[in-house]
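Presented below is the structure to which this report refers.
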Amino acid sequence: MAQENEDEDMAGDPMKRFVLIAAPLTLALTGCAPPITLNYAPSSTMIVSGSEQVGTFKYTPGDSGKVKENQLRNTALGNIMIDRNVGDYFKQAFFEESRFVGIKMDQGPLVHGTINDLLIDDLGYSVDWTLDVTYVVDTVGGGASCYNQQKVFKKHTAKFVNAFGTLNEVIKDGIEEVFKDSAFVSCIQGHAGSSGIAIATVANTVTPTPTPTPTPTPTQASAPAPAPAPASVATTTLPAADPSSAPAANPEPAQQVTPVVAASAPDGDANLALAQSVANGLGCGAVQANGGTTFTAPCGSYSVLIDCNGGQCRPMHTVSAKHDE
């Protein structure tokens with residue numbers, strides 16, 4: 001009889017059913033479970049140019065003894081423990097996102113910093129996330145730092161909604177805050193400036209070269225042509241001039257049509273080569289066609305979708321490796 005009453009109470013009270021369903025999810029975030037293995041997957045859609053090396057990120061809550069080095073701060077009952085130090089996990093995330101947006105890695109100035117706080121306020125029916133990081137970019141060759149700024153990112157989410165997927169997103173959004181800072185970008189572009197100047201110089205050198213070449217060529221070719229023509233035979237030159245002018249116009253459109261048809265075949269190979277170049281830059285494997293202008297490349301635990309358009313290819317987002325299979 002008591003069991004029947006309990007069943008009726010649960011059937012009539014949706015909050016009780018919610019607590020019973022949510023309880024196993026809560027246990028996954030408590031000290032009752034072993035440290036959770038987190039695999040960070042980059043997902044930024046930004047494009048940033050520059051060069052950098054990624055150094056150490058200190059974790060202040062762990063250094064001060066508030067929590068352990070591999071523990072994420074939270075306000076609800078239980079402890080959230082991960083499989084490595086929080087500073088190491090954030091360093092990997094910053095490296096992955098930097099490489100994913102197009103920054104050249106392992107060269108240029110050193111980027112490091114301090115994680116002032118990574119708080120998960122999960123006491124209640126919602127979660128407030130706070131990521132507070134101070135980023136430092138050293139000046140190449142020593143001296144005062146080129147960049148030293150604190151970035152605070154906050155996010156509000158519902159509870160029990162893919163907590164660790166949300167953690168990945170919070171870290172990505174927080175890192176994008178420094179990518180958006182023009183002062184940071186200027187510091188990591190110290191090595192990219194010379195290549196930009198070189199490209200502009202080549203463009204200026206190539207532009208004047210074709211301009212003078214066609215100008216004297218038709219002048220010299222047309223001057224001797226009319227002179228001998230009337231002197232040799234006037235009657236023969238007139239009929240020969242009419243057909244010569246007609247075919248002269250025909251090959252021009254033929255040349256315009258040919259590249260369009262021929263370009264369709266090379267474009268596929270060119271896109272494949274460009275997509276593979278992007279995949280190599282991300283440290284990924286061989287690309288595979290995923291449609292007319294898209295390709296996928298395996299990158300360990302995830303794959304990257306690469307889109308090619310207008311002679312350029314760039315990474316769009318990550319794809320679960322299991323779904324690719």
Side-chain angles (χ1 to χ4, degrees), residues 37-54 84 88-108 111 162 164-176 178-180 184-185 188-189 191-196 198-199 202-203 258-325:
T37 301
L38 296 181
N39 294 317
Y40 187 85
S43 57
S44 176
T45 57
M46 296 181 63
I47 298 177
V48 183
S49 62
S51 305
E52 70 180 24
Q53 304 176 63
V54 180
R84 75 197 84 171
D88 294 337
Y89 176 69
F90 187 85
K91 175 183 177 180
Q92 178 206 358
F94 191 84
F95 180 93
E96 295 284 353
E97 291 291 358
S98 296
R99 183 174 61 178
F100 197 67
V101 299
I103 299 174
K104 296 179 180 178
M105 306 307 297
D106 299 328
Q107 53 183 299
V111 180
N162 191 5
F164 297 105
T166 305
L167 173 63
N168 196 116
E169 184 178 353
V170 167
I171 292 179
K172 183 265 296 183
D173 291 341
I175 293 174
E176 284 186 338
V178 73
F179 287 166
K180 297 174 185 176
F184 172 83
V185 176
I188 66 170
Q189 284 182 343
H191 292 285
S194 59
S195 61
I199 293 173
V202 171
T258 303
V260 176
V261 178
S264 59
D267 275 353
D269 297 336
N271 286 342
L272 180 64
L274 288 174
Q276 186 61 59
S277 177
V278 172
N280 293 342
L282 297 175
C284 301
V287 299
Q288 294 182 350
N290 191 43
T293 60
T294 58
F295 301 86
T296 57
C299 302
S301 60
Y302 59 91
S303 296
V304 176
L305 181 68
I306 301 173
D307 180 64
C308 298
N309 190 11
Q312 294 182 345
C313 297
R314 73 184 191 92
M316 299 300 293
H317 57 78
T318 57
V319 181
S320 172
K322 293 183 179 180
H323 293 315
D324 292 346
E325 297 172 0

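These numbers come from the heavy atoms of this one structure, side chains and all, not from hydrogens, waters or symmetry mates.
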Closest contact, heavy atoms only, [X] versus [Y]:
X: Ala93; Y: Ile171; answer: CB-CG2, 3.7 Å
X: Val287; Y: Ala297; answer: CG1-CB, 3.8 Å
X: Pro315; Y: Val304; answer: CB-CG1, 3.8 Å
X: Ser303; Y: Pro298; answer: OG-CA, 3.8 Å

Test of understanding: with side chain to side chain contact (heavy atoms under 4.5 Å, CB included), list the residues that count as partners of [X], not counting sequence neighbours.
X: Val48; value: Met46, Val101, Ile103, Phe179, Val185, Ile188
X: Gln53; value: Leu110
X: Asn290; value: Thr294, Thr296, Leu305
X: Lys91; value: Val54, Phe57

Test side chain to side chain donor-acceptor pair (under 3.5 Å) applied to [X] - qualifying residues, sequence neighbours left out:
X: Arg84; value: Gln92
X: Ser43; value: none
X: Glu96; value: Arg99, Tyr302

Does any N or O in the side chain of Ser98 come within less than 3.5 Å of the main-chain N or O of Phe94, such that one atom is a donor and the other an acceptor?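 Checking the backbone N and O of Phe94 against the side chain of Ser98, a donor-acceptor pair under 3.5 Å is found.
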
Counting distance only, does the side-chain N/O of Asn168 pair as donor-acceptor with the main-chain N or O of Ala41 below 3.5 Å?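 Here the side-chain-to-backbone pair exists.
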
Rounded to the nearest 0.5 Å, what's the gap from CG on Leu274 to OG1 on Thr293? Could you check?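 Leu274 CG to Thr293 OG1: 12.5 Å, rounded to 0.5 Å.
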
To the nearest 0.5 Å, what is the distance between OG1 on Thr37 and CZ on Phe164?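 Atom-to-atom, Thr37:OG1 and Phe164:CZ are 10.5 Å apart.
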
Kindly write out the residues that satisfy salt bridge (charged side-chain N to carboxylate O under 4.0 Å, His left out) with Glu52, not counting sequence neighbours, or none if the list is empty.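 Result, salt bridge (charged side-chain N to carboxylate O under 4.0 Å, His left out) vs Glu52: none returned.
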
Side-chain heavy atoms of [X] within contact of [Y], under 4.5 Å:
X: Val178; Y: Val111; result: no
X: Phe100; Y: Thr318; result: yes
X: Met316; Y: Arg314; result: yes

So, using ring-ring contact (aromatic ring centres under 6.0 Å, His included) as the criterion, who are the partners of Phe184 when residues are at least two apart?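 ring-ring contact (aromatic ring centres under 6.0 Å, His included) list for Phe184, sorted by chain: Tyr147.
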
If a pair satisfies side chain to side chain donor-acceptor pair (under 3.5 Å) and one of its residues is in residues 279-288, list it, with sequence neighbours excluded.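 Checked against side chain to side chain donor-acceptor pair (under 3.5 Å) - neighbours excluded - the pairs reaching residues 279-288 are Gln276-Asn280.
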
Between the side chains of Glu176 and Ser44, is a donor N or O closer than 3.5 angstrom to an acceptor N or O?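 The criterion, which ignores hydrogens and geometry beyond distance, is satisfied for Ser44 and Glu176.
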
